[in-house]
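Worksheet: one structure, shown below.
Note that the structure is predicted; figures quoted are calculated from it, not measured. Proteins come first, then strands; the chains are lettered A, B, ... in the order of their sequence lines, and each starts at number 1.
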2 protein chains.
Amino acid sequence: MERKAVSRIPRKKDIAPKQIPYSTIVRLTQYLRVVEKLNDLGISGISSAELCEETRINSFLVRKDLSYFGEFGTRGVGYDIPSLRLELEKILGLTEAHRTVIVGAGNLGTALVHYDGFKEKGFKIVAVFDSDPSKIDKKIGDFVIESVFMLEEYLNTNKDVTIGIIAVPASGAQFIANLLIASGIKGILCFAPIQLMVPDDVVYSAVDLTTYLEIISYYITNPDARRTGDMHY
Amino acid sequence: MERKAVSRIPRKKDIAPKQIPYSTIVRLTQYLRVVEKLNDLGISGISSAELCEETRINSFLVRKDLSYFGEFGTRGVGYDIPSLRLELEKILGLTEAHRTVIVGAGNLGTALVHYDGFKEKGFKIVAVFDSDPSKIDKKIGDFVIESVFMLEEYLNTNKDVTIGIIAVPASGAQFIANLLIASGIKGILCFAPIQLMVPDDVVYSAVDLTTYLEIISYYITNPDARRTGDMHY
DNA sequence: CTATGTGAAGAACTTCACAGCT
DNA sequence: AGCTGTGAAGTTCTTCACATAG
């Protein structure tokens, strides 16, 4: 069975000195989104109460989340938007672009290649792969589609690629994941509706579209069930 | 500012008698995924410990999650897969298909139309809309793309549509959402990287691809940070 | 003897209240 | 005077231990 508390000694608290909740990280991305928007509008400062209005995240929680990482505000004043933005980018590791490959050049892969948000937010797509011979050497935007059989070699000669996006059907997803993992990729974002086996040192996130619809279905069917703000991710 | 505890009397506990965690609902979809898979393989039963192996969700939690909704297992034996599957489908409101419209026939919309998972899992796409005149009357799979200006009328004459998927650029997303809301849609899944204003009685979930990558970036940059199993959604 | 279901204990997370700067 | 930062209180969620049922 799962990890069994054998000696009853090492409680979680003992192992982990000062952990940051996962939900805090998710919220940081929301603060960043607001701060980017206001920065573009030329607004220079914001208070936790205003951030609350923009995000619907309680202002206490806004301050607590930020305080895990430092003291970014000025008491009596609030947060300076350019510097808060920079701090958030530093925390999230966005100060330099993550070089990213996309595997799978179907409709989803194509949509991802064309998605402007990635470039803007510091995820630089560097190559696109597919297994379908009829697609290879065709172009998507500025990219020439390469064979998945070249993926391993590509990653071995381009060690600075940190993230792989898997946009292939479920049947091929684990194979691709294994290639990525073997080449030392650090993060994987998978759109195939399958639970991948990924070692603990690779950061792995799955986006299963069916799951989102099923969750929506639950809350439609059970309108009285509480929905926390957490729903949006 | 946000809701302020005025009279200090009604604590949350008093208002909410027996709440089911959002994370429980997310996990139910994972149990369903496993049970579907094993059912297809012809396996008839599963214990909470085996479900734990498949999902990496603690077996205590598996049992607790299921017990919110009833007693589906047999002590000393485990869970019968066909009946557990049915129960999960009932809980999640999947026993009859949700009629679903997709708005936005770009690459993402096209990918969604072609995505087999939806049909299989009981989300029946019934129509596809776009604002680009050059796309209207073109076909995606079996669907003829209709003008967004027909969306309102379509929904008013097809009141059984419960879910709308928004796959348009951020600039048009709120407009589309307003049409869907005005027509009495029950659930919205939005792929545009924007926070929509949606009334409380409409179930709303947002999938922001950038957010997922930013979260991955954080955990790549901070390898010692704890990652809970919760990451996969 | 095995595996579920659940009250109770424990951990994690959020909210609060106010001290502390500006 | 105003807003942040944070220890403490409060709440929610998870883990545990064991009674219970087959």
Inset, instruction - Carefully, step by step, assess Asp201(B) and Lys186(B) under the rule salt bridge (charged side-chain N to carboxylate O under 4.0 Å, His left out). - result: CA-CA 8 Å; Asp201(B) 60 338; Lys186(B) 290 192 178 154; over 6 Å; no
Legend entry - SB check Glu36(B) Lys121(B) (cutoff 4.0 Å): yes
Legend entry - Out of dT14(C), dT14(D), dG5(D), whichever nucleotide has its closest atom nearest the side chain of Arg27(A): dT14(C)
Inset, instruction - Tell me whether the OP1 or OP2 atom of dT14(D) has a side-chain N or O from Ser23(B) closer than 4.0 Å. - result: yes
Legend entry - Under 3.5 Å: donor-acceptor pair, side chain of Gln174(A), backbone of Met197(A): yes
Inset, instruction - Check whether any side-chain N or O of Ser59(B) sits under 4.0 Å from OP1 or OP2 of dA3(C), and answer yes or no. - result: no
Inset, instruction - Please list, by residue number, the residues of residues 72-88 of chain A whose heavy atoms come closer than 4.0 Å to an atom of DNA chain D; answer none if no residue qualifies. - result: Phe72(A), Gly73(A), Thr74(A), Arg75(A), Gly76(A), Val77(A), Gly78(A), Tyr79(A)
Inset, instruction - Among dT15(D), dG7(D), dA3(C), find the nucleotide with the atom closest to the side chain of Lys64(B). - result: dT15(D)
Inset, instruction - Figure out the CD/P separation between Gln19(A) and dC13(C), and round it to whole Å. - result: 8 Å
Legend entry - Selected nucleotide, minimal atom distance to Ser47(B) side chain, candidates dT14(C), dT6(C), dA3(C): dA3(C)
Legend entry - Under-4.0 Å salt bridge between Glu71(B) and Arg63(B): no
Inset, instruction - Write down the distance between CG (Leu61(A)) and C1' (dT4(D)), rounded to a whole number of angstrom. - result: 15 Å
Legend entry - Partners passing side chain to side chain donor-acceptor pair (under 3.5 Å) against Arg75(A) (at least two apart in sequence or in another chain): none
Inset, instruction - Starting at atom OH of Tyr68(A), determine the distance to atom P of dA12(C), rounded to an integer number of angstrom. - result: 11 Å
Inset, instruction - Using a heavy-atom cut-off of under 4.0 Å over every strand shown, decide if Ser48(B) touches base, sugar-phosphate, or nothing. - result: sugar-phosphate
Inset, instruction - Quickly work out the Asn58(A) CG to dC3(D) P distance and round it to whole Å. - result: 16 Å
Inset, instruction - Look at atom NZ of Lys159(B) and say whether more than 12 heavy atoms of other residues, nucleotides or ligands are closer to it than 6.0 Å. - result: yes
